[in-house]
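Scroll down for the structure; my scribbles are underneath it.
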Amino acid sequence: MDGPERIEHRACFGGWQDVYRHRSAALGCAMNVGVYLPPQAAHGRCPVLYWLSGLTCTEQNFITKAGAQRYAAEHGLILVAPDTSPRGEGVPDDPSYDLGQGAGFYLDATQAPWATHYRMHDYVVNELPALVEAAFPATGARGISGHSMGGHGALVAALRHPGRYRSVSAFAPVVAPSQVPWGEKALGAYLGPDRTAWAAWDAVELVRVASGRLPLLVDQGEADEFLAGQLRPELLREACTAAGHPLTLRLQRGYDHSYYFVASFIGEHLAWHARALRD
Ligand SMILES: N[C@@H](CCC(=O)N[C@@H](CSC=O)C(=O)NCC(=O)O)C(=O)O
């Protein structure tokens, strides 16, 4: 990576769970990124799965809670898990947990004071893959996944850039930010009050106009405390049905919004990505 500093390095399932810190040009700040290198990366190139975490998370939540490394080692996948927003002195913030640092919403802000630093979409889809593919033994085959706000980010990245990702999945994603309180607050702040600008950052709206038809895998816990108020997977199902977009939406009885839910199904998601990424 550009000026990378390896700040964590731990043996994990025969590979290495590292954290790098680098200067991001897109975000105008230093960023932490978790990188899992499976054992296969020691002697060859591997596909990369990008993981986007949710509100209040850093790069640490996924790498310490999801248990994904075991499956990445099995399938020979590099896992890349960035922090969820720009951070640091000079980066605007908000006292609430769902705006500002830790809540970048994986979009490119257009409004003051956010527009200078809050460019997480550009970072995730452009800068980070370029850095990863230059610094690590990556094949160039990319998948993307995420949880909640990060599930929204993964769906939007894949739908906006047909061909850039070979696979996409999400856990409890915010599928229609234009229609729920988390999204209305964030999109209103980052993009301004004109809702026509919001459609480009809303998976339900993007499915309606998508030129590619990359299949979507979505898992959603039925006991998720945010299900009815913020997540509303039925809106994605309706949009996919209307557009003829392939969607596997699995409602999982008893599961809440936590990383216990993510950990329970991450193996199946990595198998889904591995199948698409090795072809
Ligand atoms: N009110 C809560 C909200 C924070 C929360 O639940 N964050 C989730 C993601 S929610 C959507 O993006 C999360 O992943 N938390 C981290 C974890 O390790 O579980 C609060 O402020 O606590």
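Numbers here simply count residues along the sequence, with the first being 1. Every number for a ligand or one of its atoms is a count from 1 in the order of the listing.
- Not a single donor-acceptor pair under 3.5 Å links the side chain of Asp18 to the backbone N or O of Val35.
- Side-chain atoms of Tyr36 come within 3.5 Å of backbone N or O of Cys12 as a donor-acceptor pair.
- For atom 11 (C) of ligand 1, the nearest non-hydrogen atom from the set Gly150, Ala172, Ser148 belongs to Ser148.
- Contact atoms of ligand 1 toward Tyr259: 14 (O), 17 (C), 18 (O), 19 (O) (distance under 4.0 Å to a heavy atom of the residue).
- Looking at Glu234 and Arg232, a side-chain N of the basic residue comes within less than 4.0 Å of a carboxylate O on the acidic one, giving a salt bridge.
- Ranking the protein heavy atoms by distance from atom 15 (N) of ligand 1 puts Thr56 OG1, 3.7 Å first.
- Atom numbering of ligand 1 starts at 1 in the shown order; those under 4.0 Å from a heavy atom of Trp182 are 10 (S), 11 (C).
- Between His152 and Leu155 there is no side-chain heavy-atom pair separated by less than 4.5 Å.
- Looking at atom 6 (O) of ligand 1, its nearest protein heavy atom turns out to be Phe226 CE1, 3.9 Å.
- Figure legend: Arg119 and Trp114 shown without cation-pi pairing, the cationic atom not lying both under 6.0 angstrom from the six-membered ring centre and within 45 degrees of its axis.
- Considering backbone and side-chain atoms alike, Met149 places an N or O below 3.5 Å from some N or O of ligand 1.
- At a 3.5 angstrom cut-off on N or O pairs, Leu55 counts as close to ligand 1.
- Using a 4.0 Å cut-off to heavy atoms of His147, the atoms of ligand 1 that qualify are 14 (O).
- Here the heavy atom of the protein found nearest to atom 2 (C) of ligand 1 is Tyr97 CE1, 4.2 Å.
- At the top of the distance list for atom 14 (O) of ligand 1, counting protein heavy atoms only, stands Cys57 SG, 3.3 Å.
- Of the residues listed (Trp272, Tyr165, Phe171, Phe62), the one engaging Ser145 in a side chain to side chain contact (heavy atoms under 4.5 Å, CB included) is Phe171, and it is the only one.
- For the pairing with Tyr118, the ring-ring contact (aromatic ring centres under 6.0 Å, His included) check across Tyr190, Tyr106, Tyr123, Phe105 returns one residue only, Tyr190.
- Where the criterion is an N or O separation shorter than 3.5 Å, residue side chain and backbone included, Lys65 meets it with respect to ligand 1.
- In this structure, His147 contributes its side chain and His257 its backbone to a donor-acceptor pair below 3.5 Å.
- The side chain of Asn61, and not its backbone, has at least one atom closer than 4.0 Å to an atom of ligand 1 (non-hydrogen atoms only; side chain from C-beta on).
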